[in-house]
**Student:** 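Starting off with a structure, shown below.
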Amino acid sequence: MRVLFVTTEMDDFVRVGGLGAVSAALPRALRSFADIRIMLPGYRDIIEQLTHIQVVGRCPAFAEMPAASLGRAATKDGLPVYVLLCSQLYDRPGNPYGDESGRDWPDNDIRFARFASAAAELAMGKLDKNWAADLVHANDWQASLVPAYLAWRGARLPSILTIHNLAYQGLFPKEALRRIGAPESSFHIDGVEFYDQLSFLKAGLVYASHLTTVSGTYAREITTAEFGCGLEGLLRLRSDAAELTGILNGIDESWDPRYCAQLAQQFGAGDWVGKKANADYVRKQFGLAVSRGPIFAIVARLVHQKGIDLVLSAADEIVDAGGQIVVTGSGEPALEQALIDAHRRRPDAIGVTIGFNDAQARRIFAGSDFTLMPSRFEPCGLSQMYAQRFGSLPIGHQTGGLAETITDGETGFLFSKPSHESFLGGVRRAFEAFMAQDQLDTMRRSAMGRSFSWSISAGSYSALYRKLASA
């Protein structure tokens, strides 16, 4: 079965959030089930890393979108990758979505509509004369127009849209409709219109054959007013028609502290001397004082959704109780600055690195005792899975994927509300467990014994692919 996996991030080349990790791992896990090919925008970082790109097709200018070429290449392990080559849209500094100061590119409507339009053409067999898709799997708002373009062009090709985070919707002024060549007739409440704006995400929610999201709990949550971001009515309709499925993400097999080459010292369950060596390394790297207390880690995007403000409000209590906090990530400038200020106040107990480095993240999970995840909502979350595999017990809000992957009191701690008091309740339980060596040992062993293999998710997606292709 031929599947086109359309995404704007892939860890092999470029990563902003969890989508990059999923796009690198899930297609690889699906290779035994399908001829799966990735499609990415031709960002500067991707073009520089691919050694041989063969141009296989050309997309003429369309509406206000420039002409582009389609290149075909492969990852080091042979996974086929298509890249849309258009230097005026994608050869830019910054990240895939915005400039170096974090502002969205003003022409993101053109950038991602050009990408989605080309993906639809490729899937229909109009760009690579040697390949067409049996099914398209689009991801998040940046690729949400793929099912729409397929529908507008009369292609009877099944499509899946995976919602990784409903809060990011790709909203643009109504004039964008003309710029991207979308039919005027699609701009209404049952189409792409959302409060008099054009919503890329809503286009996917309307036109995709099937919707998935990244945990069963989040699939239920987004049909409610609290988590539905104004789209809960449409999502309820799709859910009631059995067209919305939650499939939990997995994590890469490389997340195993026994074999991970980036650690200060490899270790397994029960080898707490090895884990302590990583804790010592982390303290030294972050300039923290020598301590027998617990290390609390944050490895996350530093945004309001992740509850970073709750950590800041609890920081003094954590430190006064003998804990230390290490943070790595980037995000909203105000939260970055607040964390830097917290470090300056308590440099012996709070360490902060703005930015993300995979090797450092692995060492932090290996060296920490607890991982803080007070997210207001969390579609799936990966850090709590990484943390458990590395013996760092997650403290998470009971929502989305956190509720599904943390067993309260066994492999971590769940708290009920994204509030200061509720979060502190989870932190205090962690301190109690840290002081009870037998309980800590048992919980760490349970956490490290968890399997979050992608093969389970891949099996679910494969079954869904086959069902849609035969419908």
**Student:** Can you label the angle between the F227 ring and the F377 ring as parallel, tilted or perpendicular, going by 30° and 60°?
**Tutor:** perpendicular
**Student:** Can the ring centroids of F452 and W255 be said to lie less than 6.0 angstrom from one another?
**Tutor:** no
**Student:** Could you tell me whether D35 and R37 make a salt bridge, using a distance below 4.0 angstrom between a side-chain N and a carboxylate O?
**Tutor:** yes
**Student:** List the residues meeting salt bridge (charged side-chain N to carboxylate O under 4.0 Å, His left out) with R445, not counting sequence neighbours, and say none if there are none.
**Tutor:** D441
**Student:** Testing the basics here: between L84 and F115, what is the closest heavy-atom pair and its distance to 0.1 Å?
**Tutor:** CD2-CA, 3.6 Å
**Student:** Could you pull out the closest heavy-atom pair between F390 and M448, with the gap in Å?
**Tutor:** C-CG, 4.3 Å
**Student:** Is the closest side-chain donor-acceptor distance between R466 and S470 under 3.5 Å?
**Tutor:** no
**Student:** I'd like to know if D99 pairs up with R92 as an ion pair, taking the criterion as any Lys NZ or Arg NE/NH1/NH2 lying under 4.0 Å from an Asp or Glu carboxylate oxygen.
**Tutor:** no
**Student:** Quick one: salt bridge (charged side-chain N to carboxylate O under 4.0 Å, His left out) partners of D309, sequence neighbours excluded?
**Tutor:** R376
**Student:** Before you tell me yes or no, could you show the steps for I46 and Y90 under side chain to side chain contact (heavy atoms under 4.5 Å, CB included), namely the whole-Å CA-CA distance, both residues' side-chain angles and the distance that decides it to 0.1 Å?
**Tutor:** CA-CA 10 Å; I46 295 178; Y90 309 120; over 6 Å; no
**Student:** Within 45 degrees of the axis of the six-membered ring of F356 and under 6.0 Å from its centre: does R15 put its NZ or CZ there?
**Tutor:** yes
**Student:** Quick one: pull up CD1 in I38 and OG1 in T75 and give me the separation to the nearest 0.5 Å.
**Tutor:** 8.0 Å
**Student:** Checking E193 side chain against Y195 main chain: does a donor-acceptor pair fall under 3.5 Å?
**Tutor:** yes
**Student:** Name the one of Q398, E404, E378 that satisfies side-chain hydrogen bond (donor to acceptor under 3.5 Å, both in side chains) with T217?
**Tutor:** E404
**Student:** Under the 3.5 angstrom rule, does the side chain of K202 hit a backbone N or O of I189 as a donor-acceptor pair?
**Tutor:** yes
**Student:** Which pair of non-hydrogen atoms, one from L312 and one from L335, has the smallest distance, and what is that distance?
**Tutor:** CD1-CD2, 4.2 Å
**Student:** In this structure, which one of L89, D91, T8 forms a side-chain contact (heavy atoms from CB on, under 4.5 Å) with Y43?
**Tutor:** T8
**Student:** Which heavy atom of A74 sits nearest a heavy atom of L50, and at what distance?
**Tutor:** O-CD2, 3.7 Å
**Student:** Are a donor atom and an acceptor atom from the side chains of R362 and S254 found within less than 3.5 Å of each other?
**Tutor:** yes
**Student:** Is a side-chain donor-acceptor pair under 3.5 Å present for T411 with Q388?
**Tutor:** yes
**Student:** Can a donor-acceptor pair be found, under 3.5 Å and without considering hydrogens, that links the side chain of N139 to the backbone of T7?
**Tutor:** no
**Student:** I'd like to know whether D196 forms a salt bridge (Lys or Arg N to Asp or Glu O under 4.0 Å) with K174, so could you lay out the CA-CA distance, the side-chain angles of the two residues, the decisive distance to 0.1 Å, and finally the verdict.
**Tutor:** CA-CA 7 Å; D196 208 36; K174 183 183 177 182; 5.5 Å; no
**Student:** Is there a donor-acceptor pair under 3.5 Å between the side chain of N95 and the backbone N or O of G98?
**Tutor:** yes
**Student:** Is there a side-chain contact between M385 and I251 in this structure, where contact means two heavy atoms from C-beta onward sitting under 4.5 Å apart?
**Tutor:** yes
**Student:** Looking at S215 and P379, what are the two nearest heavy atoms and their distance?
**Tutor:** OG-O, 2.6 Å
**Student:** For residues I180 and L198, determine if any side-chain heavy atom of one lies less than 4.5 Å from a side-chain heavy atom of the other.
**Tutor:** yes
**Student:** Between F172 and F200, is the ring centre distance below 6.0 Å?
**Tutor:** yes
**Student:** Quick test of your reading of the model: are R72 and D128 salt-bridged, counting only N-O distances below 4.0 Å?
**Tutor:** yes
**Student:** For the atom pair CD1 (I163) and CG (L205), what is the distance rounded to the nearest 0.5 Å?
**Tutor:** 5.0 Å
**Student:** Which residue, S457, S451, S455, forms the side-chain hydrogen bond (donor to acceptor under 3.5 Å, both in side chains) with S453?
**Tutor:** S455
**Student:** Do Q305 side-chain atoms and V303 backbone N/O form a donor-acceptor pair below 3.5 Å?
**Tutor:** no
**Student:** Thinking salt bridges, do E121 and R153 make one under a 4.0 Å N-O criterion?
**Tutor:** yes
**Student:** Under the 3.5 angstrom rule, does the side chain of S419 hit a backbone N or O of S422 as a donor-acceptor pair?
**Tutor:** yes
**Student:** With a 4.5 Å heavy-atom cut-off, do L177 and S186 have their side chains touching?
**Tutor:** yes
**Student:** Are the side chain of H188 and the backbone N or O of D190 linked by a donor-acceptor pair below 3.5 Å?
**Tutor:** yes
**Student:** What orientation do Y461 and H137 show, parallel under 30°, tilted 30 to 60°, or perpendicular over 60°?
**Tutor:** tilted
**Student:** So, is the end of the R28 side chain (NZ or CZ) under 6.0 Å from the ring centre of W454 and within 45° of the ring's axis?
**Tutor:** no
**Student:** Assess the side chains of Y207 and W152: does a donor N or O sit below 3.5 Å from an acceptor N or O?
**Tutor:** yes
**Student:** Under a 3.5 Å cutoff, is there a donor and acceptor pairing between the side chains of T162 and T212?
**Tutor:** yes
**Student:** Can you tell me how far apart CG (L135) and NE2 (H210) are? Round to the nearest 0.5 Å.
**Tutor:** 11.0 Å
**Student:** Do N108 and Q142 have side-chain N/O donor and acceptor atoms under 3.5 Å apart?
**Tutor:** no
**Student:** Walk me through whether Q384 and T405 qualify under side chain to side chain donor-acceptor pair (under 3.5 Å).
**Tutor:** CA-CA 8 Å; Q384 79 278 12; T405 53; 3.0 Å; yes
**Student:** Out of curiosity, R301 CZ to I308 CD1, how far, rounded to the nearest 0.5 Å?
**Tutor:** 10.0 Å
**Student:** Looking at every heavy atom in both R114 and P66, which two are closest together, and how far apart are they?
**Tutor:** NH1-O, 2.8 Å
**Student:** Cut-off 3.5 Å, side chains only: do E9 and Y97 have a donor facing an acceptor?
**Tutor:** yes
**Student:** For S330 and E336, run side chain to side chain donor-acceptor pair (under 3.5 Å): C-alpha distance rounded to whole Å, both residues' side-chain angles, the deciding distance at 0.1 Å, then the answer.
**Tutor:** CA-CA 7 Å; S330 59; E336 291 180 357; 4.7 Å; no
**Student:** Would R31 and L79 count as a side chain to side chain contact (heavy atoms under 4.5 Å, CB included) here? Give the steps.
**Tutor:** CA-CA 8 Å; R31 284 173 91 174; L79 189 64; 3.7 Å; yes
**Student:** From N249 CG over to L26 CG, what is the distance, rounded to the nearest 0.5 angstrom?
**Tutor:** 7.5 Å
**Student:** Before giving the answer on side chain to side chain contact (heavy atoms under 4.5 Å, CB included), spell out for V299 and T371 the whole-Å C-alpha distance, their side-chain angles and the decisive distance to 0.1 Å.
**Tutor:** CA-CA 8 Å; V299 180; T371 293; 5.8 Å; no
**Student:** Side chain to side chain contact (heavy atoms under 4.5 Å, CB included) for L40 and Y82? Distances and angles first, verdict last.
**Tutor:** CA-CA 6 Å; L40 289 158; Y82 290 101; over 6 Å; no
**Student:** For the atom pair OG (S368) and CD1 (I325), what is the distance rounded to the nearest 0.5 Å?
**Tutor:** 12.0 Å
**Student:** Show, in sequence, the C-alpha distance, side-chain angles and deciding distance for S199 and Q169, and conclude whether the side chain to side chain donor-acceptor pair (under 3.5 Å) test is met.
**Tutor:** CA-CA 6 Å; S199 168; Q169 298 183 10; 4.5 Å; no
**Student:** Go through the steps to decide whether D12 and Q49 satisfy the test side chain to side chain donor-acceptor pair (under 3.5 Å), and finish with yes or no.
**Tutor:** CA-CA 9 Å; D12 299 53; Q49 291 175 73; over 6 Å; no
